[in-house]
Each structure stands twice: as structure tokens, then as C-alpha cells.
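Input: a single structure, listed below in C-alpha cells.
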Amino acid sequence: NITKIFFYKLEMSHNLPDLFVCVLILNFEAKCGIISYNMEAFYVKYSLKIAEYSVVAQNGVCRVWVNHCRTSGYGVINVQCPLTGAWNVTNAHRLSYIVFNRQYNNINGLDVSHLCHNRSCVLAEHLVVELRATNSSRTKCLLRGVCQGHGPHPNCLLQYAVNNNG
């Protein structure tokens with residue numbers, strides 16, 4: 001069986017990172033017709049892209065997008081929809097939230113907010129899904145230098161905030 005031989009060869013390559021091995025398996029199985037392109041393959045593919053196009057920020061905590069950015073400072077990436085095959089430009093932080101929380105269809109109509117107030121940050125732990133009004137209220141926290149609270153949502157991580165205006 002080709003799959004068993006392939007898996008055996010992968011087991012012999014102990015030094016390959018687990019995520020890379022997972023991508024190899026998914027690509028191999030798709031090419032052999034064993035599986036179809038699915039959501040897990042989407043999540044793996046774009047988690048690798050996020051890792052490739054981001055670096056640790058100067059604050060030592062945020063992971064910032066270093067590929068294409070809008071003039072507003074938000075990172076962008078061209079993403080292929082796993083359901084339709086259509087390509088769309090999306091914000092990198094939104095993609096990061098979707099990928100690392102496995103939430104492809106569950107955030108429509110909601111904002112993905114930066115708790116750290118760093119527009120280029122793609123670190124999933126710094127991202128939260130909330131209503132636009134809650135996201136907008138976070139601006140007051142940044143202006144006042146202290147989090148004002150956001151109901152059931154997490155507080156801002158102002159200690160990691162950067163100047164997004166210049």
C-alpha cells in the first residue's frame with residue numbers, strides 16, 4: 001500500500017516538524033485521491049503561511065505580519081476558500097483567528113479585535129471575536145491608557161500596544 005510506505009518513510013524522518021509532516025501527508029493523500037481537499041488541509045496550509053509571513057515583534061510578545069499590509073497597518077493575504085475555490089483578499093489577523101480557532105463559518109458579521117491594539121499582530125492569543133461596537137470601544141482604552149472593560153469579553157492588553165498611526 002502506497003500510503004503505508006509513505007507513512008513509514010515519514011516515521012523514519014524524526015527531525016521533520018509535526019506541522020510540516022501533517023502538510024506532507026495531506027498533500028500526498030490529496031494527490032493520490034485518498035482524501036479530498038478539506039477544512040483541515042485549509043487550516044494547516046494557512047497556519048504555515050501565517051508562520052512564514054510573521055515574526056516576533058519588538059515588544060517580544062506580539063507576532064507581526066511582515067508581508068503585504070494595507071495603508072491602515074492591517075496585514076492582508078490572498079486566501080482560497082476551501083468550499084468554493086474562490087480567491088479573496090482577507091485581513092491576516094482575521095485569517096489567523098479562523099485558522100487557530102478552527103472557526104471558518106462561525107464569525108460572519110463579527111469583528112476580530114486585537115486585544116494588544118497592534119494592527120499587524122496575528123498571534124491568536126491576542127485576537128478575540130466580538131461585535132463592532134465592542135471593538136470600537138477598545139479605542140477609548142488605548143486613548144486613556146487603561147482598559148475600561150468590555151463586558152464578557154477579555155480586557156485589552158495595553159502593555160503590548162504600539163503606535164498604529166505612524
Exercise. Given the rule in the side-chain contact (heavy atoms from CB on, under 4.5 Å) test, do V129 and V112 qualify, once you have shown the distances and angles that lead to the verdict?
Worked result: CA-CA 5 Å; V129 172; V112 175; 4.2 Å; yes
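- Other residues sharing the hydrophobic cluster of Y74, ordered by chain and number and joined by side-chain separations under 4.5 Å: none, the residue standing alone.
- Take N108 and apply the side chain to side chain contact (heavy atoms under 4.5 Å, CB included) test, not counting sequence neighbours, and it matches no residue.
- The closest side-chain heavy-atom distance from Y46 to V79 is below 4.5 Å.
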Problem set entry | side-chain contact (heavy atoms from CB on, under 4.5 Å) between N118 and H93, intermediate numbers included | CA-CA 10 Å; N118 184 348; H93 71 285; over 6 Å; no
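- Expressed to the nearest 0.5 Å, how far SG of C62 lies from CZ of R119 amounts to 13.5 Å.
- Applying the 4.5 Å side-chain rule to ILVMFWY residues, one finds V55, V66 in the same cluster as V64.
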For this session: Carefully, step by step, assess H117 and C156 under the rule side-chain contact (heavy atoms from CB on, under 4.5 Å).
Result: CA-CA 8 Å; H117 293 273; C156 298; 3.2 Å; yes
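- Remark: C69 SG to I77 CD1 distance equals 11.5 Å, nearest 0.5 Å.
- Listed by chain and number, the residues in a side chain to side chain donor-acceptor pair (under 3.5 Å) with E125 amount to none (sequence neighbours excluded).
- Under the side chain to side chain contact (heavy atoms under 4.5 Å, CB included) criterion, Y104 pairs with M39, F42, Y43, C81, P82, L83, I98, sequence neighbours left out.
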For this session: With side-chain contact (heavy atoms from CB on, under 4.5 Å) as the test, would you mind laying out the steps for I50 and L95 before giving the verdict?
Result: CA-CA 8 Å; I50 291 164; L95 177 64; 4.2 Å; yes
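- Residue pairs that meet the ring-ring contact (aromatic ring centres under 6.0 Å, His included) test with at least one member in residues 123-162, sequence neighbours left out, are H126-Y160.
- For residues 87-107, the set of pairs meeting the salt bridge (charged side-chain N to carboxylate O under 4.0 Å, His left out) definition, not counting sequence neighbours, comprises E40-R102.
- For the pair L115 and R138, the minimum side-chain heavy-atom distance is below 4.5 Å.
- Two residues are said to be in side-chain contact when any heavy atoms from C-beta on lie closer than 4.5 Å; V128 and P154 meet this criterion.
- Counting only residues at least two apart or in different chains, side-chain hydrogen bond (donor to acceptor under 3.5 Å, both in side chains) contacts with residues 54-66 comprise S54-R63.
- Screening V89, N78, V76 for a side chain to side chain contact (heavy atoms under 4.5 Å, CB included) involving H68 leaves a single residue, V76.
- Applying the side chain to side chain donor-acceptor pair (under 3.5 Å) criterion to N91, with sequence neighbours excluded, gives R70.
- Counting only distance, with no hydrogens or angles, the side chain of S136 and the backbone of A133 share no donor-acceptor pair below 3.5 Å.
- Rounded to the nearest 0.5 angstrom, N67 CG and Y53 OH are separated by 5.5 Å.
- The two residues L131 and L110 have their closest heavy-atom pair at CD2-CD2, 3.6 Å.
- With values rounded to the nearest 0.5 angstrom, L127 atom CG is found 6.0 Å from C121 atom SG.
- The salt bridge (charged side-chain N to carboxylate O under 4.0 Å, His left out) pairs that include a residue from residues 47-57 number zero, where partners must be two or more places apart or lie in different chains.
- N101 contributes no side-chain N or O that, together with a main-chain N or O of Q103, makes up a donor-acceptor pair within less than 3.5 Å.
- Closest non-hydrogen pair, C141 versus L158, comes out as O-CD1, 3.8 Å.
- Residues G149 and N155 share a closest heavy-atom pair of CA-OD1, 3.7 Å.
- Here S113 pairs with E130, N135 under the side chain to side chain donor-acceptor pair (under 3.5 Å) rule; sequence neighbours left out.
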